[in-house]
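Read the structure below first, then the notes.
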Amino acid sequence: MLKEKILIVDDQYGIRILLNEVFQKEGYQTFQAASGFQALEIVENHSPDLVLLDMKIPGMDGIEILKRMKVIDQDIRVIIMTAYGELDMIQEAKDLGALIHFAKPFDIDEIREAVKKYLPLKAN
């Protein structure tokens with residue numbers, strides 16, 4: 001049975017581990033990336049259905065990562081996370097097709113509900 005795939009992109013180890021654990025428990029197949037380059041490699045190789053993308057990543061920023069992911073897979077679903085009131089960045093991300101935005105520190109249950117909404121698990 002193929003599981004729905006989630007890619008977690010965040011340079012903070014603790015946040016990746018937390019989200020990874022939560023979504024594995026929910027029944028998703030998860031992938032983790034600490035950088036834009038890693039994230040794009042996973043999108044190329046594993047075609048995740050949904051991405052949880054932190055916008056503040058050293059190196060390639062969230063907007064650039066989002067743009068490049070959409071080039072690889074136009075239909076990829078992306079939920080963005082930001083640490084600050086980066087309203088212009090949030091707006092730009094939404095213009096690029098991001099579904100919804102969460103500010104950090106986020107409520108894990110809210111993210112879980114959003115993921116269920118945008119990537120419902122098929123019954124086994």
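One-based numbering along the sequence shown. The basis for the numbers below is simple: all heavy atoms, side chains too, and nothing from hydrogens, waters or symmetry mates.
Scored by the side chain to side chain contact (heavy atoms under 4.5 Å, CB included) test, Gln38 finds Ala33, Ala34, Ser35 as partners (sequence neighbours excluded). In this structure, the side chain to side chain contact (heavy atoms under 4.5 Å, CB included) partners of Glu21, at least two apart in sequence or on a different chain, are Lys25. For Lys56, the salt bridge (charged side-chain N to carboxylate O under 4.0 Å, His left out) test picks out Glu86, with sequence neighbours left out.
Between Val78 and Met69, the closest side-chain pair of non-hydrogen atoms falls below 4.5 Å. Here the side chains of Leu53 and Ile65 are in contact, with some heavy-atom distance below 4.5 Å. Using a 4.5 Å heavy-atom cutoff, the side chains of Met60 and Leu40 are in contact. Looking only at side-chain heavy atoms (C-beta outward), Val51 and Ile79 stay at 4.5 Å or farther from each other. In this structure, Lys116 and Leu121 have side chains that are not in contact, with every pair of non-hydrogen atoms separated by 4.5 Å or more. In this structure the side chain of Phe106 never reaches within 4.5 angstrom of the side chain of Leu52, judged on heavy atoms. Contact annotation: the side chain of Leu19 never approaches that of Gln32 to less than 4.5 Å [non-hydrogen atoms, C-beta and beyond].
A distance of 9.0 Å separates CG of Asp73 from CG of Asp49, quoted to the nearest 0.5 Å. To the nearest 0.5 Å, atom CD1 of residue Ile76 and atom CG of residue Leu7 are 7.0 Å apart. Separation of atoms CD1 (Ile63) and CE (Met89) is listed at 5.0 Å; rounding is to 0.5 Å. Atom OG1 of Thr30 sits about 11.5 Å away from atom CZ of Arg16, to the nearest 0.5 Å. Here the CD atom belonging to Glu92 is positioned 10.0 Å from the CD1 atom belonging to Ile80, to the nearest 0.5 angstrom. Remark: Met55 CE to Asp10 CG distance equals 12.0 Å, nearest 0.5 Å.
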Steps toward side-chain contact (heavy atoms from CB on, under 4.5 Å) verdict (Phe31, Ile6):
CA-CA 6 Å; Phe31 298 87; Ile6 295 179; over 6 Å; no

Starting from the C-alpha separation in whole Å, work towards a yes-or-no answer on side-chain contact (heavy atoms from CB on, under 4.5 Å) for Met81 and Ile111.
CA-CA 10 Å; Met81 305 179 286; Ile111 289 204; 4.1 Å; yes

Could you go through Arg112 and Glu26, starting from their C-alpha distance and side-chain angles, then the distance that decides it, and tell me whether this counts as side-chain contact (heavy atoms from CB on, under 4.5 Å)?
CA-CA 9 Å; Arg112 219 166 59 200; Glu26 291 281 321; 3.0 Å; yes

Pair Ile100-Tyr118, side-chain contact (heavy atoms from CB on, under 4.5 Å): steps then yes or no:
CA-CA 10 Å; Ile100 188 172; Tyr118 291 110; 3.9 Å; yes

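Glu44 places no side-chain N or O within donor-acceptor distance of the main-chain N or O of Ile72, the cut-off being under 3.5 Å. Listed for the Asp11 side chain is no donor-acceptor partner under 3.5 Å among the backbone atoms of Ile57. No donor-acceptor distance shorter than 3.5 angstrom exists from the side chain of Lys5 to the backbone of Leu50, with no hydrogens or angles considered. Of the possible donor and acceptor atoms, one in the side chain of Tyr28 sits under 3.5 Å from a partner among the backbone N and O of Leu119.
Counting only N and O atoms by type, the side chains of Glu41 and Asn45 include no donor and acceptor under 3.5 Å apart. Between Gln12 and Lys104, the side chains place a donor N or O and an acceptor N or O closer than 3.5 Å (distance only, hydrogens not considered).
Hydrophobic clustering (side-chain heavy atoms under 4.5 Å, transitive across Ile, Leu, Val, Met, Phe, Trp, Tyr) groups Phe102 together with Ile108.
Scanning both residues, Leu66 and Ala93, for their nearest heavy atoms gives CD2-O, 3.5 Å.
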